[in-house]
Protein chains: 2
Amino acid sequence: MAKRMTIKELAKILNVSISTVSKALNDSDEISPETIKRVKETAKLYGYRANFIAKSLKSQSTNTLGVIIPDVLNYFFVQLLHGIENEARKQGYNVMTCISHEKISNEKANIIALTNGQVDGILFCPSEETQNTIDLTHIEELSNNNVPFVTFDRSLHDIKASGVLSNDFFSAYDATNYLIKNGGEKTYLFASHVGLSVMKERIKGFKQAMREHHILKDSSVVEISEEKDYEVFIKEFLASTKVDGILTIDELLSVKAVKIATKLKINIPKTLKVIGFSNGEISAQFSPSISSVDQRAGLMGKEAVTLMIEMLKNENSREVVVKTVPAVLIHRETTKI
Amino acid sequence: MAKRMTIKELAKILNVSISTVSKALNDSDEISPETIKRVKETAKLYGYRANFIAKSLKSQSTNTLGVIIPDVLNYFFVQLLHGIENEARKQGYNVMTCISHEKISNEKANIIALTNGQVDGILFCPSEETQNTIDLTHIEELSNNNVPFVTFDRSLHDIKASGVLSNDFFSAYDATNYLIKNGGEKTYLFASHVGLSVMKERIKGFKQAMREHHILKDSSVVEISEEKDYEVFIKEFLASTKVDGILTIDELLSVKAVKIATKLKINIPKTLKVIGFSNGEISAQFSPSISSVDQRAGLMGKEAVTLMIEMLKNENSREVVVKTVPAVLIHRETTKI
DNA sequence: CTGTTAGCGCTTTCAC
DNA sequence: GTGAAAGCGCTAACAG
């Protein structure tokens with residue numbers, strides 16, 4: 001960034017002191033209206049813009065929020081980011097974005113990058129690796145560095161931190177009940193990435209619903225681990241098993257399930273109903289369009305910002321607040337009755 | 001951000017001067033090895049971390065890049081952002097993201113927010129509104145404020161600025177040729193958002209290919225403006241027109257076209273071949289999977305960062321550099337022969 | 001080898 | 001109503 005007009009230069013031009021200029025620009029009532037006018041006019045004339053960095057150094061706050069998301073190519077997280085961006089901007093905050101790519105090493109680097117005074121607080125979604133490990137020292141360091149932070153979507157089991165979560169348990173419970181009541185007893189959950197906190201909750205919710213209907217079996221939860229085997233695996237499963245309803249733990253699995261079922265000439269939604277999670281772009285555009293649990297990621301992002309800003313306002317209070325955003329089940333062609 | 005250890009406090013603790021600490025931490029050869037060791041150990045002990053804001057103020061550079069993208073819920077831009085993020089982080093830069101939502105008013109606000117000294121340079125993709133107007137004063141202001149900036153994807157007609165673009169003309173030309181040669185003469189372009197520079201180029205490329213085969217008609221370019229009418233419009237078009245091949249100017253139109261054609265029992269790819277633009281998530285997952293021009297958005301983002309960093313290195317040179325990233329045509333089921 | 005000092009651009013207390 | 005001066009945390013010329 002090249003040379004720019006400063007308060008100092010303005011003062012010289014106007015033949016007043018630096019502090020007068022500063023006060024005038026901030027509408028201080030210590031300064032006469034005429035001076036204020038004169039200063040402001042000259043400032044405008046010379047295109048003066050206050051230096052944010054200097055202000056930040058002085059005020060010890062940057063009006064900037066750091067965000068760490070696991071994956072930016074995932075529509076769900078992008079919606080979250082969108083919600084965060086929007087709300088932050090609305091509240092006068094800038095957003096500095098980091099992507100962990102689901103790796104704990106990147107996450108550590110991101111945390112280090114963000115805890116050097118550039119941001120007032122951090123909005124943070126733990127990576128998949130982080131959720132699969134018990135070593136959370138890098139996150140404890142956040143507390144040690146006194147960096148206000150809130151988590152979103154995924155939770156940190158041991159560390160108690162403020163955050164905003166989706167009600168994954170209930171969403172899954174609810175969707176499963178729908179499938180059982182409108183489909184039948186042969187309801188299954190397609191699961192993957194089961195190490196993630198959100199997935200665990202969804203599995204619990206599914207099981208709970210199945211249990212209440214006395215139809216939970218060991219085989220009810222179908223874990224599908226390797227992405228490249230998805231289509232083959234599902235094909236074999238659907239060809240060999242009578243299925244009324246499938247709840248899938250993420251969007252991709254729902255797309256694959258619907259695709260394969262269609263190819264196998266299984267009638268959707270008449271004989272098979274499908275509900276996915278994380279209502280993304282594909283669910284709406286696919287043919288047939290796929291019903292999905294919409295976690296209202298944008299709203300979660302917004303709420304995370306709200307939480308953060310409240311936290312920044314009451315820095316003394318170390319109260320831990322956990323907000324829950326209710327999801328909504330969106331019915332499309334794979335469940336149309 | 002709460003109180004943190006500073007150089008000053010370290011100096012007090014160590015009973016040396018502030019500058020000694022500073023120099024020691026920066027491995028200055030003015031300082032004895034023992035002192036350096038002592039200082040560093042104490043710094044580590046107390047969890048000292050240099051204050052980035054103070055450094056920035058001193059050095060007049062923030063190691064931060066500003067990014068303005070029109071839409072973060074668009075997979076293409078997200079790929080771009082991903083490429084930018086990755087490369088920037090690799091080069092030791094932070095990224096501050098702004099979203100214009102295709103609105104000139106937001107874009108102005110974003111530019112103002114980013115030109116207050118927080119970023120060393122701006123990577124910028126003009127909003128749709130900006131591309132439809134001739135009022136580019138807010139962008140000229142960037143130059144006036146001496147903020148280094150590069151554009152990406154979309155260009156600024158009048159203002160000459162460095163940037164990285166996709167070769168939209170050639171990609172469209174190439175894809176059209178493919179359709180003509182492997183499909184037939186009844187090839188059409190489905191177009192929308194025609195005010196965008198990239199769309200104009202694609203239309204030109206399409207027309208050029210059609211012209212060279214002496215089959216360009218007024219009706220060859222089918223403009224489809226309102227999103228809500230897409231499906232109805234396309235249905236009527238396909239029902240009333242004999243079509244061998246369709247090139248669509250974006251991803252959504254290709255999805256809609258394939259969906260409707262399938263419903264109309266048109267055999268894809270045998271009687272109708274379809275190629276979309278902006279190879280997104282849906283193209284790959286759709287059934288049939290949709291062939292698409294992949295603009296390698298990630299690479300564009302990376303190149304934009306490279307360009308920016310070179311610019312920052314040679315701040316004296318005001319050379320305008322425009323890079324072009326070649327796209328690649330990805331064949332999927334809608335063009336499989 | 002270490003320390004003093006000035007200064008990055010800004011705010012703010014305290015004098016005048 | 002205005003100005004001088006200190007200081008936010010850091011670096012770097014210059015002195016010692």
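We use all heavy atoms of the structure for the numbers below, so side chains are in, but hydrogens, waters and symmetry mates are not.
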Which residues, if any, of residues 46-53 of chain B bring a heavy atom under 4.0 Å of DNA chain C?
none
Sort me out a list of protein N/O and nucleotides 14-16 of chain C N/O pairs below 3.5 Å, or just none if empty.
none

Residue set satisfying side-chain contact (heavy atoms from CB on, under 4.5 Å) with Ile112(B), at least two apart, ordered chain then number -> Arg49(A)
May I have all residue pairs that pass salt bridge (Lys or Arg N to Asp or Glu O under 4.0 Å) and include part of residues 50-70 of chain B, sequence neighbours excluded?
none
Can you list, pair by pair, the side-chain donor-acceptor contacts under 3.5 Å of residues 74-83 of chain B, counting residues two or more places apart and other chains?
from: Asn74(B); atom 1: OD1; to: Phe76(B); atom 2: N; distance (Å): 2.9
from: His82(B); atom 1: NE2; to: His101(A); atom 2: NE2; distance (Å): 2.9

Just grab all the salt bridge (Lys or Arg N to Asp or Glu O under 4.0 Å) pairs involving residues 97-116 of chain A, residues at least two apart or on different chains.
Glu102(A)-Arg154(A)
Please give the angle, rounded to 10 degrees, between the axes at the start and the end of the helix from dC1(C)-dG16(D) to dC16(C)-dG1(D), where five pairs define each axis.
50°
Could I get the full list of side-chain contact (heavy atoms from CB on, under 4.5 Å) partners for Glu141(B), not counting sequence neighbours?
Asn145(B)
Pairs where residues 16-29 of chain B contributes a residue and the test salt bridge (Lys or Arg N to Asp or Glu O under 4.0 Å) is met, not counting sequence neighbours:
Lys23(B)-Glu30(B), Asp27(B)-Lys40(B)
Looking at residues at least two apart in the chain, or sitting in another chain, which of them share a side-chain contact (heavy atoms from CB on, under 4.5 Å) with Gln91(A)?
Glu87(A), Tyr93(A), Ile309(A)
Could you work out, with side-chain contact (heavy atoms from CB on, under 4.5 Å) as the rule, every residue matching Arg38(B), not counting sequence neighbours?
Leu14(B), Val16(B)
Ring pair (Phe, Tyr, Trp, His ring centres under 6.0 Å) contacts in which one or both residues fall within residues 297-319 of chain A, not counting sequence neighbours:
none
